[in-house]
Asks: 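Structure incoming, see below.
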2 protein chains.
Amino acid sequence: MDMDKAQKIGDRLVAHGIRRTPFRIELLQLFIESKSSLSHQEVKEKITSTKDKVTIYRALDNFLEKGLIHKVPDVNNVARYAVCPDNCAQEAHVHNHVHFVCESCEKTFCLDNVEVPSVQVPEGFNASSFSYTVTGLCKTCGGTA
Amino acid sequence: MDMDKAQKIGDRLVAHGIRRTPFRIELLQLFIESKSSLSHQEVKEKITSTKDKVTIYRALDNFLEKGLIHKVPDVNNVARYAVCPDNCAQEAHVHNHVHFVCESCEKTFCLDNVEVPSVQVPEGFNASSFSYTVTGLCKTCGGTA
DNA sequence: GCTTAAAATGCAACCATGTTGCAACATTGA
DNA sequence: TCAATGTTGCAACATGGTTGCATTTTAAGC
C-alpha cells in the first residue's frame with residue numbers, strides 16, 4: 001500500500017482516538033475506497049490483516065462509536081456500515097440523506113444529494129433522529145436503464 | 001375465547017387463503033389486540049397453542065406473504081410484525097405511514113396519522129417502496145411528558 | 001361420513017450473526 | 001524504557017432464523 005495514504009488514514013484514526021494498527025488502517029482504507037456500504041461478512045472477505053470475526057466486530061463497533069462510520073439500513077436485517085464524511089462530528093452525524101436499498105443485488109446506496117424531508121411526530125413523542133429508506137432497483141439491476 | 005370472535009378471525013384467515021387452525025386463530029387474534037408490533041420472541045411468549053418456534057416462524061412468513069401482517073423496522077435488526085389494516089390488499093400494502101422506534105423500551109409504533117413524505121430518487125434508480133422511521137423516546141419513556 | 005390432497009405442525013439438527021471473557025500483545029505517552 | 005491502556009486472537013456461548021422430514025389436521029369432492 002502507498003505509504004502516504006497509510007499515513008493519512010492512520011492520522012484520521014488517531015484524530016478519532018483510535019490506535020494506528022495495521023488492521024484498522026486497512027479497514028478504514030477499505031471503507032474509504034468502497035463505493036457502497038459493507039456488512040461484517042463483506043469486510044471479512046476483503047480484509048487480509050486478520051481473519052478473526054471478533055476483531056472485526058469490535059473494530060466496527062469502535063469506528064461507529066467514534067463517529068468514523070455509521071450504520072445504514074439493509075433489507076435482511078443485517079448490519080451494514082459506511083464511512084462518514086470527513087466533517088461528520090462524533091456527536092452530531094451529518095448523514096441525513098436518504099438511503100436506497102436494491103431489492104435485487106441487496107446493496108445499500110447513500111443518496112447524498114437527497115435530503116430526508118422532516119415530519120411532525122404526534123404529541124408526546126420525542127424524536128431524535130430520522131431515517132428514510134427507499135427500496136427498489138438500482139442502476140445496474142434494472143432501474144430506468 | 002369468545003366464539004363469535006374466533007369465527008370472525010377464522011373467516012379472515014380463510015379469506016386470505018390460510019387454514020383455520022387454533023394456533024393461527026390465536027396468532028391473528030394476538031396481533032389484532034396488540035397495540036404495538038410484535039417480534040417472534042414476543043409472540044412465542046404470549047402464544048399458548050404451540051411452543052414450537054418453527055411453527056411460529058412459518059406462520060409469520062405465511063401471514064406476511066398473504067398480506068395479513070407487515071414487517072416494521074426495529075432498532076436491533078430483529079424482525080418485527082404488525083397487522084395490516086383490513087383494506088390492505090395482498091399486492092399493494094397501504095401502510096405508508098411513519099414508524100417510531102423508542103430508544104428506551106425499543107418498541108415500534110405505527111404513526112398512522114403521519115404520512116411518509118415522498119422524495120425524488122436520482123436518475124437511474126427505480127423506487128418501489130418508501131420507509132420512514134423516526135427514533136427517539138415514546139410517550140411512556142419520557143417524550144414530552 | 002369417507003377419502004384424499006394440500007396445508008400446517010412438531011421435532012431435530014443445523015446455520016449465520018453477533019457477544020463475552022480472558023490471556024497475550026502492540027501502541028502511545030510519560 | 002516502562003507502564004497504562006487499547007487492540008488482538010481464541011474458545012465458548014447466545015440468539016435469531018432455516019431446512020428436512022415424518023405426522024397430523026383441514027377442507028373439499030364424492
Side-chain angles (χ1 to χ4, degrees), chain A residues 6-7 9-29 37-69 71-81 90 106 108, chain B residues 6-7 9-30 37-69 71-81 106 108:
Chain A
Q7 182 63 39
I9 290 177
D11 290 350
R12 192 155 155 195
L13 287 175
V14 172
H16 284 80
I18 300 167
R19 285 193 180 164
R20 194 189 298 268
T21 76
F23 159 61
R24 296 199 173 198
I25 290 171
E26 194 193 350
L27 182 62
L28 182 49
Q29 166 98 7
S37 63
L38 299 164
S39 65
H40 173 270
Q41 192 194 198
E42 287 159 359
V43 167
K44 198 176 165 203
E45 282 159 7
K46 293 183 183 167
I47 281 282
T48 61
S49 13
T50 185
K51 281 284 147 257
D52 187 58
K53 60 176 181 169
V54 182
T55 301
I56 298 172
Y57 275 118
R58 285 199 273 230
L60 289 173
D61 283 352
N62 195 244
F63 280 20
L64 194 62
E65 201 179 299
K66 302 286 171 53
L68 268 173
I69 58 179
K71 260 194 191 188
V72 298
D74 173 83
V75 246
N76 299 316
N77 294 327
V78 178
R80 301 188 65 85
Y81 306 86
Q90 185 164 339
E106 309 203 334
T108 302
Chain B
Q7 182 63 39
I9 290 177
D11 290 351
R12 191 154 156 196
L13 287 175
V14 173
H16 284 80
I18 299 167
R19 287 195 177 162
R20 193 189 298 269
T21 76
F23 159 60
R24 293 197 176 202
I25 290 171
E26 195 194 350
L27 182 62
L28 182 49
Q29 167 97 7
L30 175 64
S37 62
L38 300 164
S39 65
H40 172 269
Q41 194 194 199
E42 286 159 0
V43 167
K44 199 176 165 203
E45 283 161 6
K46 294 183 182 167
I47 282 282
T48 61
S49 13
T50 184
K51 282 284 147 259
D52 188 57
K53 60 175 182 172
V54 182
T55 301
I56 298 173
Y57 275 119
R58 285 198 273 231
L60 289 173
D61 284 352
N62 195 243
F63 280 20
L64 194 63
E65 201 179 298
K66 302 287 170 52
L68 268 173
I69 58 178
K71 260 193 190 189
V72 298
D74 173 83
V75 247
N76 299 315
N77 294 327
V78 178
R80 302 189 65 85
Y81 307 86
E106 308 204 335
T108 303

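Throughout, protein chains are lettered first and strands after them, A, B, ... in sequence-line order, and every chain is numbered starting at 1.
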Asks: Is the phosphate of dA7(C), meaning OP1 or OP2, less than 4.0 Å from a side-chain N or O of Arg20(B)?
Replies: no
Asks: Any donor-acceptor pair under 3.5 Å between the side chain of Arg58(A) and the base of dG21(C)?
Replies: yes
Asks: Within the modelled atom types, does a donor on one side and an acceptor on the other bring the side chain of Lys53(B) and the base of dG17(D) under 3.5 Å apart?
Replies: yes
Asks: Test side-chain contact (heavy atoms from CB on, under 4.5 Å) on Arg20(A) and Asp11(A); report intermediate values, then the result.
Replies: CA-CA 8 Å; Arg20(A) 194 189 298 268; Asp11(A) 290 350; 3.2 Å; yes
Asks: Can you give me the closest heavy-atom contact between Ile69(A) and Leu60(A), atom names plus distance?
Replies: CD1-O, 3.7 Å
Asks: Taking only the side-chain heavy atoms of Arg19(B) (C-beta and beyond), determine which of dT19(D), dG21(C), dT26(D) contains the nearest atom.
Replies: dT26(D)
Asks: Closest to the Thr21(A) side chain: dA27(D), dA8(C), dT7(D)?
Replies: dT7(D)
Asks: Rounded off to whole Å, could you give me the CG-to-C1' distance for the Asp52(B) and dT23(D) pair?
Replies: 13 Å
Asks: Atom CG of Leu27(B) to atom P of dA7(C): distance rounded to whole Å?
Replies: 19 Å
Asks: Toward the 5' end of DNA chain C, which comes first, Ile18(B) or Val54(B), by nearest nucleotide?
Replies: Ile18(B)
Asks: Can you check the Phe23(A) CZ to dT7(D) P distance for me, whole Å?
Replies: 11 Å
Asks: Tell me the interatomic distance from Leu13(B), atom CG, to dA8(C), atom P, rounded to whole angstroms.
Replies: 9 Å
Asks: Given atom NE2 of His16(B) and atom C1' of dA8(C), what is their separation to the nearest angstrom?
Replies: 18 Å
Asks: Within the structure, does a side-chain N or O atom of Thr55(B) lie under 4.0 Å from either OP1 or OP2 of dA8(C)?
Replies: no
Asks: To the nearest angstrom, how far is Lys44(A) atom NZ from dA16(C) atom C1'?
Replies: 11 Å
Asks: NZ of Lys66(A) versus C1' of dT5(D): gap in Å, rounded?
Replies: 11 Å
Asks: DNA chain D: Gln41(B) or Pro22(B), which has the more 5' nearest nucleotide?
Replies: Gln41(B)
Asks: How far does OG of Ser37(B) sit from CD of Glu42(B), to the nearest 0.5 angstrom?
Replies: 7.0 Å
Asks: Please name the pair of heavy atoms, one in Ala59(A) and one in Leu27(A), separated by the smallest distance, quoted to 0.1 Å.
Replies: CB-CD2, 3.6 Å
Asks: How far apart are the closest heavy atoms of Thr48(B) and Glu26(B), and which atoms are they?
Replies: N-OE2, 2.9 Å
Asks: Would you kindly give the CZ-to-C1' distance between Arg80(A) and dG18(C), to the nearest whole Å?
Replies: 16 Å
